[in-house]
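Just below is one structure, and these are the notes that go with it.
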There are 2 protein chains.
Amino acid sequence: MKNYSKQREDVLNAIKELKNHPTAEEIYSKVKENNSTASKGTVYRNLKNLVIDKKIIKISKIEGPDRYDLVNYPHYHAICASCGKVFDFVYDFDVANIRKSLKKQIGENIDINDFSLQILCDKCKNKLQKN
Amino acid sequence: MKNYSKQREDVLNAIKELKNHPTAEEIYSKVKENNSTASKGTVYRNLKNLVIDKKIIKISKIEGPDRYDLVNYPHYHAICASCGKVFDFVYDFDVANIRKSLKKQIGENIDINDFSLQILCDKCKNKLQKN
DNA sequence: CTTAAAATAGGAATAATTCCTATTTTTATA
DNA sequence: TATAAAAATAGGAATTATTCCTATTTTAAG
């Protein structure tokens with residue numbers, strides 16, 4: 001996992017071009033549009049490798065397939081639990097201290113890849129309040 | 001969404017019984033095992049409703065289908081992106097300030113429901129590095 | 001009651017993801 | 001460099017996960 005293959009670069013570049021949390025399918029389409037030779041299996045394999053490598057994160061929405069986004073600190077995600085809308089935001093979390101606290105509590109030297117705030121956006125909050 | 005249907009209760013109970021972040025398929029199996037009438041469509045619909053209702057969270061892993069787990073306040077979750085293991089932890093996030101910052105950035109008075117840290121646990125970190 | 005709205009069963013249809021094999025590319029090292 | 005082993009890929013089939021459809025039932029509202 002030291003040097004990236006041409007295809008892995010193609011996958012990463014496609015995500016950069018697409019900007020808004022694309023699905024694997026959308027990434028595959030963009031990759032083909034860019035005349036990459038990458039097959040579907042290759043796209044999925046490299047998405048997985050890029051997550052492991054902390055270049056991207058995988059975002060689960062309440063509906064539909066999972067999505068991907070670049071890791072771009074300090075840049076976190078607030079995801080609406082209802083509609084799945086993803087809001088990017090920046091905040092100066094004390095990551096080192098949180099990591100230390102986690103180690104104390106769960107006894108592992110875990111890597112923090114992302115903060116995902118689970119939220120309710122205004123639109124959904126209003127809609128749900130009617131129930 | 002005030003009162004739960006029998007089937008929605010069945011889905012929630014299945015997750016309680018299964019304990020370890022089951023997939024929708026595993027939940028469906030357990031539900032049938034418990035002689036619920038719930039169909040597959042009903043299970044998926046209610047999983048979605050339970051997430052909206054903050055009774056459960058949806059967990060995305062690097063591989064395999066999404067999983068579900070109970071929400072257990074008042075602590076937060078650190079979720080391994082690879083194996084899906086959920087670590088409970090407590091931390092004194094300045095929720096009011098984060099909320100204020102979010103409002104400034106995205107212009108919405110969002111409710112923060114949960115913090116989910118996306119992590120790689122020690123075990124997975126070691127295993128995945130071999131690839 | 002009566003009607004409208006919401007939820008469900010059953011399973012087909014669709015979409016997402018993984019897997020397989022032959023081939024190519026990269027890496028290590030002699 | 002040559003060469004053997006390891007890793008990555010193409011192409012697409014196979015599998016799995018998820019959504020969707022229609023008729024029916026249940027719940028909520030007036």
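Protein chains get the first letters and strands the later ones, always in sequence-line order, with residue 1 at the start of each.
Here the CG atom belonging to A:Asp66 is positioned 10.5 Å from the NZ atom belonging to A:Lys61, to the nearest 0.5 angstrom. Annotation: the span from B:Lys32 atom NZ to B:Asp10 atom CG amounts to 9.5 Å, rounded to 0.5 Å.
Under the 4.5 Å side-chain contact rule for hydrophobic residues, A:Val95 and A:Val90 do not share a cluster.
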When the side chains of residues 11-20 of chain A are checked against the rest of the protein, which donor-acceptor pairs come out under 3.5 Å, sequence neighbours left out?
| unit_1 | atom_1 | unit_2 | atom_2 | d |
| --- | --- | --- | --- | --- |
| A:Asn13 | ND2 | A:Glu9 | O | 3.2 |
| A:Glu17 | OE2 | A:Asn34 | ND2 | 3.0 |

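Applying the ring-ring contact (aromatic ring centres under 6.0 Å, His included) test to every pair with at least one member in residues 23-60 of chain B, sequence neighbours left out, gives no pairs at all.
Dashed line: the shortest gap from a side-chain N or O of B:Ser5 to OP1 or OP2 of C:dA7 is not under 4.0 Å. A:Tyr44 has a side-chain polar atom (N or O) that falls below the 4.0 Å cut-off from OP1 or OP2 of C:dT17. In this model, the phosphate group of D:dT26 is not approached by any side-chain N or O of B:Gln7 to a distance below 4.0 Å at OP1 or OP2. Contact annotation: A:Asn46 reaches the phosphate of D:dT9 (side-chain N/O to OP1 or OP2, under 4.0 Å).
Annotation: proximity of residues 32-41 of chain A to DNA chain C (heavy atom, distance under 4.0 Å) is found for A:Lys40, A:Gly41, numbered in ascending order. Residues from residues 13-26 of chain A with heavy atoms under 4.0 angstrom of DNA chain C, sorted by number: A:Ala24.
Distance, A:Tyr4 OH to C:dT27 C1': 18 Å, rounded to whole Å.
Looking at every heavy atom in both residues, A:Ile56 comes nearest to A:Leu47 through CD1-O, 3.6 Å. For B:Ile62 against A:Lys48, the heavy-atom pair with the smallest separation is CG2-CG, 3.2 Å.
Between the two ends of the helix from C:dC1-D:dG30 to C:dA30-D:dT1, each summarised by a five-pair axis, the helix axis turns through 60° (rounded to 10 degrees).
At least one donor-acceptor pair under 3.5 Å links the side chain of A:Glu26 to the backbone N or O of A:Thr23.
Of all nucleotides listed (C:dT17, D:dA10, C:dA7), C:dT17 comes nearest to the side chain of A:Asp66.
Side-chain rings of A:Phe93 and A:Tyr91 approach one another, their centers coming within less than 6.0 Å.
Taking the six-membered ring where the residue is Trp, A:His21 and A:His77 present perpendicular rings, their angle passing 60° and hence far from 30°.
Residues passing the side chain to side chain contact (heavy atoms under 4.5 Å, CB included) test with A:Thr42 are A:Gln7, A:Ala38, A:Ser39, A:Arg45, A:Asn46, sequence neighbours excluded.
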